[in-house]
Trainee: 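Here it is: the structure, laid out below.
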Amino acid sequence: MPQNAHSPLSLATWNVNSIRARIDRVVDWIERSDVDVLAMQETKCKDSQFPFERFEKIGYEVAHFGLNQWNGVAIASRVGLDDVERAFPGMPGFAKDPEAEQAQEARAISAVCGGVRVWSLYVPNGRELTDRHYPYKLEWLDRLRSYAQKQLADDAGVRLAMVGDWNVAPLDEDVWDMEFFEGKTHVSAPEREAFDAFEAAGYKEITRGFTPGPGVYTYWDYTQLRFPKKQGMRIDFQVVSPALAERAAGAEIDRDERKGNGASDHAPVIVRFE
DNA sequence: ATGTCGTGGACGCCACGA
C-alpha cells in the first residue's frame, strides 16, 4: 500500500451522559451504525468504573479519561488506537479563585485511529456569564485553538479531528429562540469568536454543510419537553484539519437516538471521510 | 411520547451539575 494511501473512516461523536446508565444503548447504536470510531463525552465515571469489556466484545478498543463522577471522555475504535494522550498541551484546569490551584478536569482525550489524530472534547459549559466557569471556558477554547494552530504550523498535512460537545451555538439558528438565550452562555459573542477562531486558523467544521439548518440540533434539554417541542441546540461539532476536511463525504445527526426512554440528551453526530 | 436525568452520600431524600 502506498505510504499516503488512506482508507475511508466513519467518525462519530456523542455526549452519552453517563456510560454506565447508557451502555446497552451505546453498544446497540455502534453495532447498528457501524462506525469505525466513536468519541464519547460525559462518561461520568472513573477509569476503574468504565465498561471496557462491553466494547471489546464487539471489536472496539477503548481509551478513557475519567477522574470522578464529573465530565469523562473516551474514544472507541476498531481501526487502531495508538499514542493516547490525556488532556491537550496547555489545557487549563479550573480554579475556584485566581489564587487557588487549578484542578484538573477530564475533558480531553486523544488517540491516532485509522491514521487520524482524534480528540474527544468536552468543552466547559460556562454556566453563567458572571460565573468563573465562563472565563474558564473561553481560556480552555483559546488554549485548544493554540494547540491546533501549532499542529498545523508544524505539518500542513496533519490529519487532526477535534470532535465533541463544544457547548457553543455558533449561529443564531443553532438555538430555537435567540430571545430565550439573551444574556445566557453558549451564544455570547466571546464564545462564538472562540469557536470561529478555529476556522480562522485553517480548520473546518464538517457537519453543518451536510446538515444545514435552521431547526437542526444535536442537543435537547431533558426539561420542559424540549425534544417533542423541537427546541434544541446545535452544540456538537467535528472540527478538522484541511487534509482531513477535503476527504469529508457526508455527515448525519442521528436524531432518532434522542427518542424514547433512556436516551441521552445529545444525539450522535457522524461524519464519513473518504 | 413526553413537564428531566445522572451522580454520590447518606438514605428511602438531598445536593449538585447540566
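Just so we're on the same page: letters track the sequence lines, and every chain starts at 1.
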Trainee: Let's see if you can work this out: which of B:dT2, B:dT4, B:dG17 has an atom nearest to the side-chain heavy atoms of A:Tyr222?
Mentor: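 Ranking B:dT2, B:dT4, B:dG17 by closest atom to the A:Tyr222 side chain puts B:dT4 first.
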Trainee: Please tell me which of the listed nucleotides, B:dT7, B:dT2, B:dT4, lies nearest to the side chain of A:Gln69?
Mentor: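 Closest of the options to the side chain of A:Gln69: B:dT7.
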Trainee: Measure CD/A:Glu128 against P/B:dA18 and give the value in whole Å, please.
Mentor: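 From A:Glu128 CD to B:dA18 P: 11 Å.
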Trainee: What's the NE2-C1' distance between A:His266 and B:dG6, to the nearest Å?
Mentor: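 Checked: the NE2 to C1' distance equals 13 Å.
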Trainee: Among A:Met162, A:Lys204, A:Gln149, whose side chain to side chain contact (heavy atoms under 4.5 Å, CB included) with A:Phe198 holds?
Mentor: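 For A:Phe198, the side chain to side chain contact (heavy atoms under 4.5 Å, CB included) check succeeds only for A:Met162.
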Trainee: Within the side chain of A:Arg22, is there an N or O that forms a donor-acceptor pair under 3.5 Å with the backbone of A:Gly262?
Mentor: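 A pair under 3.5 Å: yes.
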Trainee: How far does the P atom of B:dA10 sit from the matching atom of B:dC16, given to the nearest Å?
Mentor: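 Rounded to whole Å, the distance is 14 Å.
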Trainee: Check the distance between B:dA18's P and A:Tyr122's OH and give it to me in whole angstrom.
Mentor: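 Roughly 5 Å, once rounded to whole Å.
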Trainee: Under 4.0 Å from OP1 or OP2 of B:dA18: is there any side-chain N or O of A:Arg127 that close?
Mentor: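 For B:dA18, OP1 or OP2 has a side-chain N or O of A:Arg127 closer than 4.0 Å.
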Trainee: Can you check the A:Arg258 CZ to B:dT4 P distance for me, whole Å?
Mentor: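 Answer to the nearest Å: 12 Å.
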Trainee: To the nearest angstrom, how far is A:Asn17 atom CG from B:dA18 atom P?
Mentor: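 Interatomic distance, CG of A:Asn17 to P of B:dA18: 11 Å.
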Trainee: Please determine whether a side-chain nitrogen or oxygen atom of A:Ser18 lies at a distance below 4.0 Å from atom OP1 or OP2 of B:dT7.
Mentor: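 Answer is yes, contact under 4.0 Å.
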Trainee: Side-chain donor-acceptor pair under 3.5 Å between A:Tyr136 and A:Gln102, yes or no?
Mentor: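 Looking only at side-chain atoms, A:Gln102 and A:Tyr136 do not form any donor-acceptor pair under 3.5 Å.
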Trainee: With a 4.0 Å cutoff (strictly under), does any side-chain N or O of A:Arg22 reach OP1 or OP2 of B:dG6?
Mentor: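 Answer yes for this pair, as a side-chain N or O of A:Arg22 is under 4.0 Å from OP1 or OP2.
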Trainee: More 5' along DNA chain B: A:Thr43 or A:Trp70, using each one's nearest nucleotide?
Mentor: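 Nearest nucleotide further toward 5': that of A:Thr43.
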Trainee: Taking CG from A:Asn15 and C1' from B:dC5, how many angstroms apart are they, rounded to a whole number?
Mentor: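 After rounding, the gap between these two atoms is 12 Å.
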Trainee: For atom C1', what is the distance between B:dT7 and B:dG3, given to the nearest Å?
Mentor: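 B:dT7 and B:dG3 have their C1' atoms separated by 22 Å.
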Trainee: Considering just the side-chain nitrogens and oxygens of A:Arg20, establish if one lies under 4.0 Å of OP1 or OP2 belonging to B:dG8.
Mentor: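 So the side-chain polar atoms of A:Arg20 do come within 4.0 Å of the phosphate oxygens OP1 or OP2 of B:dG8, strictly under.
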Trainee: Rest of the hydrophobic cluster containing A:Val62 (Ile/Leu/Val/Met/Phe/Trp/Tyr, side-chain heavy atoms under 4.5 Å)?
Mentor: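 Members alongside A:Val62: A:Trp14, A:Val16, A:Ile19, A:Ile23, A:Val26, A:Val27, A:Trp29, A:Ile30, A:Val35, A:Leu38, A:Met40, A:Phe50, A:Phe52, A:Phe55, A:Ile58, A:Tyr60, A:Ile270.
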Trainee: For the pair made of CE in A:Met233 and P in B:dT4, what is the distance, rounded to whole Å?
Mentor: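 Atom CE in A:Met233 sits about 19 Å away from atom P in B:dT4.
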Trainee: To the nearest Å, how far apart are A:Glu105 CD and B:dG17 P?
Mentor: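 Those two atoms, CD and P, are 11 Å apart.
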Trainee: For A:Gln224 and for A:Cys45, find the nucleotide of DNA chain B with the closest heavy atom, then tell me which residue's nucleotide is more 5'.
Mentor: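 With A:Gln224 and A:Cys45 compared, the 5'-side residue is A:Gln224.
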Trainee: What about the rings of A:Phe181 and A:Trp176, do their centers lie closer together than 6.0 Å?
Mentor: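 Yes: the rings meet the under 6.0 Å criterion.
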Trainee: Does A:Gln49 put a side-chain nitrogen or oxygen below 4.0 Å from OP1 or OP2 of B:dG8?
Mentor: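 A:Gln49 to B:dG8 OP1/OP2: side-chain N or O found under 4.0 Å.
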